[in-house]
Q: 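First the structure, then my questions, so here it is.
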Protein chains: 2
Amino acid sequence: MSLTAITPANRSASKAKVVRGLLEGLLEGKWHGGDRFTESLGADAFGVSRTPVREALLDLQALGLVELRRNCGAIIHPFGEEDLREIYAVRSLLEVEATRLAASQIAAEEVESLIEAFEEIQSSGGTDLNWKFDQKLHLLIAECSGNRRLAAEIARYSTLVQTMREIVGARTHDIHSASADEHLEILRALRQRNPDTAAKAMRDHLRQASDSAIAAMLEIRNH
Amino acid sequence: MSLTAITPANRSASKAKVVRGLLEGLLEGKWHGGDRFTESLGADAFGVSRTPVREALLDLQALGLVELRRNCGAIIHPFGEEDLREIYAVRSLLEVEATRLAASQIAAEEVESLIEAFEEIQSSGGTDLNWKFDQKLHLLIAECSGNRRLAAEIARYSTLVQTMREIVGARTHDIHSASADEHLEILRALRQRNPDTAAKAMRDHLRQASDSAIAAMLEIRNH
DNA sequence: ACTTCCGTTATTGTATACAATCTGATTCGG
DNA sequence: CCGAATCAGATTGTATACAATAACGGAAGT
């Protein structure tokens, strides 16, 4: 069972570039009211053709970040605290359910190998590694939920959050990485195969993540 | 507040054609094992260019129905009862939450106008109208959840389910439309602004919908 | 002054062309 | 006989070209 199976991976670098650029603008608060953003505009702005811009906009529409209208360009919704909270609310909805499902059927060895990786990272203590572990944990849980659709949805939000993290990381001085305690809580509950405890641990973890994401965005906007 | 705002609408007929064609194949059980489906193949099969095929495949990937690999074509996952159940599980997760949220903040007049529309349809009794009402109800609830992201996700699944409905409707003799009783339950709970009751009614409604969707698929496959 | 109609222009939807890269098989060497 | 290198083909990723259509502004009529 390969973890990379459900990640869209880095097929199409141009599209990723556009998504990232647009997301930067959203986090900065660059767009107000119902600004219009046409495909050609994006193509010029990011130095790519219309095709990847178009695909990026379709993705962003599916995430509820822009509204696409025929022959009218993308209407960018103003982005604020509330929107970030909404994103994490959906993510929480999906991941808490996945955690509940995974807890009852995850293979013992998978959890053990994760705990090992976790302890190793703890001792070395790199922020980057911590995030990589975070991603690995969330992806594993998604896959172990046994619901491929759920895993696909989680993957979509995972790449969104990951991209936002990278943007924030490049601008602020690493405000705060995912808490090790929260991860440990989740791992323990998974090992005990306790769905409710695991779900609660995941919910708490994401609440924290939501708060720090909002803080990071405000940090960016005050500079 | 326009209901059409969050529906991707029928921008791009070719893409819709491809999605529908592929979905037909999946419901029929046409593809076994990890069959490969290249963009050019789809272009030839549906008489369109690669572009809409590509976009369709991206959508289907996001829904966890195919796996896209670079220079390798789309790998189609075999589709069965379990997959349909998974789709409805995710849909239920999203819509039950939306219903809970909507119940506490939906405008009284919106519910009243829906109840009116409902009673009108009841007396005329057309199956098509019934489905249209179903769609309207789900969309209104999604919008009234107050979470744009949640609404976007629901819209994606809504179009998926709607397309499957159309396919089934064209092949079987209208096995069974959405139950009016279930709709009434939801409407009553919404009018009372009772989140828990509304959520439960929605959960039951979707459980029924899931069962009948599975029955419809099996019906198709036995012909 | 207001509304309606019409033509221009802007913008997307779709098709095609080109480039990068992966796959698979075949050949060569051991 | 088996394995590694290599080469042709297939397939996607991206760019560009063309067609359909909706938005926008202005003119004409009332």
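What you see is a predicted model; the values in this text were computed from it and never measured. All chains are named by letter (A, B, ...) in the order of the sequence lines, taking the proteins before the strands, and each is independently numbered beginning at 1.
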Q: Please compare Val48(B) and Ala74(A) by the position of their nearest nucleotide in DNA chain C and report the one closer to 5'.
A: Ala74(A)
Q: Look only at the side chain of Arg221(A) and the backbone of Leu27(A), and say whether a donor-acceptor pair between them is shorter than 3.5 Å.
A: yes
Q: Which residues, if any, of residues 49-57 of chain A bring a heavy atom under 4.0 Å of DNA chain D?
A: Ser49(A), Arg50(A), Thr51(A), Pro52(A)
Q: Can you check whether Gly64(A)'s main-chain N or O pairs, donor with acceptor, with Arg149(B)'s side chain at less than 3.5 Å?
A: yes
Q: Of the non-hydrogen atoms in Lys17(B) and Phe46(B), which two are nearest, and what is the gap between them?
A: NZ-O, 3.7 Å
Q: Less than 4.5 Å apart, side chain to side chain, heavy atoms only: is that true for Thr172(B) and His223(B)?
A: no
Q: Check whether any side-chain heavy atom of His183(B) sits under 4.5 Å from a side-chain heavy atom of Asp134(B), and report yes or no.
A: yes
Q: Any side-chain to backbone donor/acceptor pair from Arg36(B) onto Cys72(B)? Under 3.5 Å, distance only.
A: yes
Q: For the side chain of Thr99(B) and the backbone of Glu95(B), is there at least one donor-acceptor N/O pair under 3.5 Å apart?
A: yes
Q: If you look at every heavy atom in Pro78(B) and Asp83(B), which pair is closest and at what distance?
A: O-OD2, 3.6 Å
Q: When you list every nucleotide of DNA chain D with an atom under 4.0 Å from a heavy atom of chain B, which one comes first 5' to 3', and which comes last?
A: dT11(D) to dT14(D)
Q: Indicate yes or no: at least one non-hydrogen side-chain atom of Leu160(B) is less than 4.5 angstrom from one of Asp59(B).
A: no
Q: Taking N or O atoms only and anything under 3.5 Å, show me the protein contacts with nucleotides 20-24 of chain C, one pair per line.
A:
unit_1, atom_1, unit_2, atom_2, d
dT21(C), O2, Asn71(B), ND2, 3.3
dC22(C), O4', Asn71(B), ND2, 2.8

Q: Between Glu24(A) (side chain) and Ile167(A) (backbone), is there a donor-acceptor pair under 3.5 Å?
A: no
